[in-house]
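Following: one structure in structure tokens, then a few remarks.
Each residue takes its place number in the sequence, starting with 1. Reckoned from all heavy atoms, side chains included, excluding hydrogens, waters and symmetry mates. In this text the structure is predicted, and so the values were computed from the model without any measurement.
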Amino acid sequence: MVEKYPRILVIDDELGIREGCRRVLAPLGYSVEVAENGAEGLRKVREWSPDLVLLDVMMPDITGIDLLDPIHAHDPDIVCIIITGYATVELAVQAVKRGAYDFISKPFSADTLILAVHQGLERRRLVLESKRMQALEAEAQELARAKEELERLDKMKSAFMLTVAHELRAPVAAIQGYLRLILDGYADPDKQREMLERSDQRASELLALIEDLLALARVKDAAPEEKRVPVPVGDVLKQVADLLQVEAAKKRIAFSVRAEANPTVLATRDHIRQLWTNLISNAIRYTPEGGSVSVSLAVRDGMVEGVVEDTGIGIAAEDLPRIFDEFYRTRTAKEMVSGGTGLGLPIVKRIVETYGGNISVESEVGKGSRFTFRLPLHAEPQPVATPDSARTEGEAQG
């Protein structure tokens with residue numbers, strides 16, 4: 001904004017012009033500085049930041065026209081008025097093209113000077129006011145966007161809390177119901193053990209949900225850069241596969257693992273373990289007895305690529321857009337497996353995106369699913385021995 005006492009700088013090699021402008025303008029309340037050459041004038045522009053510059057065209061060291069660019073480089077809204085005794089139409093056009101606001105010829109009267117200065121300062125006031133209004137409008141729009149985002153996040157948080165409360169309430173209510181029947185003496189002694197077993201099962205489901213909620217919270221609190229280390233993805237896959245092949249064997253599922261290399265990603269080992277565990281355990285859980293689950297690891301186009309493919313129940317096309325939503329489970333998944341938190345795939349997606357990767361899925365109902373994730377490669381992989389698929393499948397089939 002233009003100050004209450006606007007600053008005016010007069011750059012002219014004629015002492016009479018400099019002092020004459022000062023005598024006319026200072027009594028009007030303007031703060032006036034003078035400079036006798038271009039170098040001194042430019043220094044005062046940078047140190048003093050005037051609102052308006054009265055600029056002589058012909059000076060010993062530089063022309064006023066050539067001073068316009070460095071003046072406006074310091075402040076593009078400084079108003080520059082050219083004063084010269086060699087007024088021509090060509091000079092006026094050149095000055096305006098270079099950014100001069102006005103052009104007055106020597107000799108000029110006090111009234112001419114005052115009018116030009118008043119108009120120049122009014123222009124600066126309007127330009128600065130316009131910029132201030134634009135900034136306020138942009139700030140208001142940004143605040144509105146931030147408000148909308150906060151409202152959206154608040155709605156998501158409320159919906160999440162309601163869903164969590166609902167998911168927690170069901171197993172707790174079931175356990176409490178069984179226990180009250182036993183404690184109040186309404187349960188047949190022959191059925192008490194069955195009730196306790198059901199309570200234990202629901203307690204296990206409740207514990208699994210709590211563990212997944214904690215895992216999701218940890219994943220959302222992404223690991224800071226200093227906590228990320230090179231993690232050999234193949235080594236983690238082998239450890240997870242060794243544990244889960246027992247589950248596959250119980251269902252007589254052919255379970256194979258193929259690793260072309262042992263690449264590393266910059267992450268936390270726990271996240272990579274969760275990534276493999278959730279994808280492979282889901283594949284085994286939703287594949288009927290006698291089916292197959294295959295896992296592969298490779299490097300493609302500078303990315304670590306992991307694939308988990310099964311011959312399970314598959315996912316309907318209308319369900320695919322929602323499978324990574326928290327707590328979402330398809331109807332066929334609920335029919336096949338009563339337990340389940342609906343948090344496994346959201347955890348997987350959050351892990352992959354945390355480390356700059358992506359995940360995709362191809363699926364057909366009744367034929368199976370294929371999940372593919374890609375993560376940025378941290379270092380060139382070292383060759384590893386390919387696991388013995390035939391032996392692994394034989395063990396899985398029991």
For the residue pair [X] and [Y], what are the closest heavy atoms and their distance?
| X | Y | answer |
| --- | --- | --- |
| Gly99 | Leu68 | N-CD1, 4.5 Å |
| Ile17 | Asp12 | CG2-OD2, 3.4 Å |
| Val352 | Ile359 | CG1-N, 4.1 Å |
| Ile82 | Ala95 | CG1-CB, 3.9 Å |
| Val304 | Thr264 | CG2-O, 4.3 Å |
| Ile323 | Phe371 | CD1-CE2, 4.0 Å |

ILVMFWY cluster, [X] and [Y] together (side-chain gap under 4.5 Å):
| X | Y | value |
| --- | --- | --- |
| Ile114 | Val34 | yes |
| Leu28 | Leu113 | yes |
| Val246 | Leu243 | no |
| Val229 | Ile351 | yes |
| Val299 | Met303 | no |

Is it true that [X] and [Y] make a salt bridge, defined as a side-chain N closer than 4.0 Å to a carboxylate O?
| X | Y | answer |
| --- | --- | --- |
| Lys349 | Glu353 | yes |
| Glu14 | Arg18 | no |
| Asp66 | Arg98 | yes |
| Arg125 | Glu122 | yes |
| Arg132 | Glu129 | yes |
| Glu19 | Arg23 | no |

Hey, are [Y] and [X] close enough side-chain-wise for a donor-acceptor pair under 3.5 Å?
| X | Y | answer |
| --- | --- | --- |
| Ser49 | His74 | yes |
| Asp13 | Asn37 | no |
| Gln274 | Asp270 | yes |

Heavy-atom side-chain proximity of [X] to [Y] below 4.5 angstrom:
| X | Y | answer |
| --- | --- | --- |
| Ile8 | Glu33 | no |
| Leu375 | Asn358 | no |
| Cys80 | Ile71 | yes |
| Leu179 | Leu196 | yes |
| Val307 | Val295 | no |

If you measure from [atom1] on [X] to [atom2] on [Y], what distance do you get to the nearest 0.5 Å?
| X | Y | atom1 | atom2 | value |
| --- | --- | --- | --- | --- |
| Leu54 | Leu9 | CG | CG | 8.0 Å |
| Ser363 | Asp319 | OG | CG | 9.5 Å |
| Leu297 | Glu260 | CG | CD | 8.0 Å |
| Lys367 | Asp310 | NZ | CG | 14.0 Å |
| Tyr286 | Thr311 | OH | OG1 | 15.5 Å |
| Glu137 | Glu142 | CD | CD | 13.0 Å |

With distance as the sole test, does [X] use its side chain to make a donor-acceptor pair with the main-chain N or O of [Y] at under 3.5 Å?
| X | Y | value |
| --- | --- | --- |
| Glu149 | Arg145 | no |
| Ser199 | Tyr178 | no |
| Ser130 | Leu126 | no |
| Lys251 | Gly290 | no |
| Asp61 | Gly38 | yes |
| Asp102 | Ala116 | no |
| Ser281 | Thr277 | yes |
| Lys106 | Ile83 | no |

Among Val57, Ile65, Leu55, find the residue that satisfies the side chain to side chain contact (heavy atoms under 4.5 Å, CB included) test when tested with Thr84. Val57
Intermediate values then yes/no, side-chain contact (heavy atoms from CB on, under 4.5 Å), Glu305 and Thr372: CA-CA 7 Å; Glu305 182 178 273; Thr372 304; 3.8 Å; yes
Using the side-chain contact (heavy atoms from CB on, under 4.5 Å) rule, take Tyr30 and Leu121 through it: C-alpha gap first, then chi angles, then the decisive distance, then the call. CA-CA 11 Å; Tyr30 299 124; Leu121 290 174; 3.4 Å; yes
Test Asp235 against Asn262 for side-chain contact (heavy atoms from CB on, under 4.5 Å), laying out the working first. CA-CA 7 Å; Asp235 290 351; Asn262 189 20; 3.0 Å; yes
Applying ring-ring contact (aromatic ring centres under 6.0 Å, His included), can you list everything that pairs with Phe373, at least two apart in sequence or on another chain? Trp276
Verify side-chain contact (heavy atoms from CB on, under 4.5 Å) between Asp75 and Arg124, making sure each step is shown before the conclusion. CA-CA 11 Å; Asp75 180 353; Arg124 177 171 169 83; 3.4 Å; yes
Answer yes or no: are there more than 12 heavy-atom neighbours, outside [X] itself, under 6.0 Å from its atom [atom1]?
| X | atom1 | answer |
| --- | --- | --- |
| Arg269 | CZ | yes |
| Lys44 | NZ | yes |
| Asp184 | CG | yes |

Going by the rule side-chain hydrogen bond (donor to acceptor under 3.5 Å, both in side chains), which residues pair with Glu197 if we only count those two or more places apart in sequence or in a different chain? Arg193
How would you list, by chain and number, every residue that makes a side-chain hydrogen bond (donor to acceptor under 3.5 Å, both in side chains) with Arg123, sequence neighbours excluded? none
